[in-house]
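Okay, structure first, notes after.
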Amino acid sequence: MNNQKQQKPTLSGQRFKTRKRDEKERFDPTQFQDCIIQGLTETGTDLEAVAKFLDASGAKLDYRRYAETLFDILVAGGMLAPGGTLADDMMRTDVCVFAAQEDLETMQAFAQVFNKLIRRYKYLEKGFEDEVKKLLLFLKGFSESERNKLAMLTGVLLANGTLNASILNSLYNENLVKEGVSAAFAVKLFKSWINEKDINAVAASLRKVSMDNRLMELFPANKQSVEHFTKYFTEAGLKELSEYVRNQQTIGARKELQKELQEQMSRGDPFKDIILYVKEEMKKNNIPEPVVIGIVWSSVMSTVEWNKKEELVAEQAIKHLKQYSPLLAAFTTQGQSELTLLLKIQEYCYDNIHFMKAFQKIVVLFYKESESEAEEGD
């Protein structure tokens with residue numbers, strides 16, 4: 001008996017008939033475009049009728065495959081060539097964003113069309129975001145009026161949650177920034193966004209995608225200052241956005257100050273150098289002394305590993321703070337700063353239970369230090 005496995009016969013040169021449903025349909029955006037444009041021509045500029053037509057057509061037409069073509073038509077009236085121009089030999093329609101009236105009310109109505117369409121066909125969400133990112137990169141290819149309409153529409157869609165704020169990344173394109181297109185577009189966009197919501201809602205959306213600290217990048221590197229940003233957007237009627245960016249910059253500067261301060265202390269830099277650095281930062285970023293003393297206190301208290309035993313921590317704290325008292329004294333030249341420091345000590349001792357008994361001793365230490373300094377001054 002032969003135990004060896006027999007080799008299975010192989011078929012060669014055979015052709016299998018592909019079933020109709022397995023054949024991949026040829027990509028033909030032109031035919032899709034013609035169907036959409038014909039339908040829009042029949043609905044006319046009645047946007048309610050447009051929304052109903054788009055809703056019904058999704059059952060017959062392949063929106064998933066031709067999402068880019070669909071959105072090109074709804075925004076620009078036809079398929080866009082690279083750079084943002086409409087192809088001359090293609091059909092087009094006037095039932096689109098770019099051919100509509102240039103006012104916020106009309107753009108709000110168009111936003112509803114997009115909103116309904118994407119709510120009905122959820123799979124279009126990603127395609128629409130990609131479309132808007134592409135349109136923002138094509139801004140130079142559009143007229144000023146078309147850019148204004150797109151900016152207002154985008155602001156409304158950001159406000160109602162149809163779009164994610166990450167699409168704004170396209171505005172940081174070097175050429176758009178250099179030619180001032182990004183900043184001008186941002187003015188119209190933020191006006192319509194804030195009009196729909198408020199600056200707090202806008203700030204929350206920007207924070208979610210780490211865009212809250214990048215708004216100054218709408219300008220070329222040589223103009224990326226709080227002063228320039230504030231002047232430009234305040235003059236354009238967006239004072240609340242200017243104030244928001246100024247506040248963000250201040251918060252960023254304070255965080256940076258604390259970080260650098262802790263590094264200098266851990267390196268053991270001389271107090272005179274640390275004091276000089278802090279005073280320069282105060283002047284540069286307009287940080288008041290009561291705010292600075294809070295930062296200095298936090299930094300001083302974070303540079304040491306505290307003893308876990310309550311009876312030992314008070315002695316350790318007094319020794320540590322005596323060493324840093326010249327630094328703390330340098331930024332308590334005002335009554336308000338002294339009060340802030342007292343409150344910070346109180347907060348710290350309440351938050352860290354081992355320090356409860358040390359509170360009185362710390363206050364007495366600083367009182368004696370300030371007295372001795374006053375006597376030396378006399």
Side-chain angles (χ1 to χ4, degrees), residues 200 203-204 206-217 224-227 229-230 242-308 313-314 316-356 358-359 362-363 365-366 369-370 373:
N200 295 323
L206 292 171
R207 236 185 341 265
K208 217 175 271 184
V209 292
S210 304
M211 204 80 77
D212 50 329
N213 290 316
R214 292 192 62 198
L215 292 179
M216 278 200 286
E217 292 173 41
Q224 284 178 20
S225 68
V226 179
E227 286 68 32
F229 187 99
T230 304
S242 299
E243 286 173 355
Y244 167 70
V245 167
R246 189 178 282 282
N247 289 338
Q248 284 299 107
Q249 199 65 15
T250 304
I251 291 164
R254 290 173 189 182
K255 282 181 180 172
E256 196 55 43
L257 172 61
Q258 181 146 6
K259 187 183 165 193
E260 180 58 31
L261 202 50
Q262 286 171 347
E263 284 177 12
Q264 289 182 0
M265 287 178 190
S266 62
R267 286 198 306 262
D269 290 4
F271 287 157
K272 61 177 175 55
D273 294 349
I274 297 176
I275 291 165
L276 187 66
Y277 163 74
V278 174
K279 285 186 174 175
E280 282 173 0
E281 289 299 302
M282 282 171 73
K283 193 176 177 183
K284 188 168 83 177
N285 297 297
N286 199 25
I287 310 173
E289 191 185 79
V291 171
V292 167
I293 191 59
I295 295 169
V296 174
W297 166 261
S298 300
S299 303
V300 166
M301 296 307 279
S302 66
T303 58
V304 67
E305 189 76 38
W306 295 108
N307 203 303
K308 297 287 186 285
V313 84
Q316 186 189 8
I318 296 300
K319 192 178 175 184
H320 178 67
L321 290 169
K322 195 163 188 171
Q323 181 193 344
Y324 280 93
S325 62
L327 188 59
L328 291 156
F331 301 103
T332 46
T333 63
Q334 304 166 11
Q336 187 60 46
S337 308
E338 288 181 341
L339 183 61
T340 302
L341 178 58
L342 191 61
L343 290 169
K344 289 288 175 187
I345 297 166
Q346 192 175 21
E347 279 171 22
Y348 191 89
C349 292
Y350 275 98
D351 290 343
N352 299 275
I353 200 152
H354 292 317
F355 280 82
M356 285 297 282
F359 174 67
I362 294 169
V363 173
L365 167 73
F366 287 144
E369 291 288 328
S370 62
E373 275 183 27

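Since we're looking at a predicted model, the values are computed, not measured.
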> Any ion pair linking Glu217 and Arg214 (charged N to carboxylate O, less than 4.0 Å)?
Replying inline: yes

> Is it true that Lys284 and Glu281 have a side-chain N and a carboxylate O under 4.0 angstrom from each other?
Replying inline: yes

State, to 0.1 Å, how close [X] and [Y] come at their nearest heavy-atom pair, and which atoms those are.
X	Y	value
Ala253	Asn285	CB-CG, 3.5 Å
Ser337	Ile293	O-CG2, 3.7 Å
Phe355	Ala317	CE2-CB, 3.8 Å
Met216	Phe229	CG-CD1, 3.9 Å
Lys279	Ala330	CE-O, 4.4 Å

>> Ignoring hydrogens and geometry beyond distance, is a side-chain donor-acceptor pair present between Gln262 and Thr303 at under 3.5 Å?
In response: no

>> Can you see whether Glu338 engages Gln334 through a side-chain donor-acceptor pair at a distance of less than 3.5 angstrom?
In response: no

Report yes or no: does [X] contribute a side-chain atom to a donor-acceptor pair with the main-chain N or O of [Y] at less than 3.5 Å?
X	Y	value
Asp269	Met265	no
Gln316	Glu305	yes
Glu289	Thr333	yes
His320	Val300	yes

> Do the ring planes of Phe271 and Tyr324 sit parallel (below 30°), tilted (30 to 60°) or perpendicular (above 60°)?
Replying inline: tilted

>> Under the rule for side-chain hydrogen bond (donor to acceptor under 3.5 Å, both in side chains), what residues qualify as partners of Asn247, not counting sequence neighbours?
In response: none

> So does Asn286 have more than 12 non-hydrogen atoms from other groups sitting under 6.0 Å from CG?
Replying inline: no

> Given Glu243 and Arg246, is the salt bridge (Lys or Arg N to Asp or Glu O under 4.0 Å) satisfied, shown in steps?
Replying inline: CA-CA 5 Å; Glu243 286 173 355; Arg246 189 178 282 282; over 6 Å; no

> Is any side-chain heavy atom of Trp297 closer than 4.5 Å to a side-chain heavy atom of Val292?
Replying inline: no

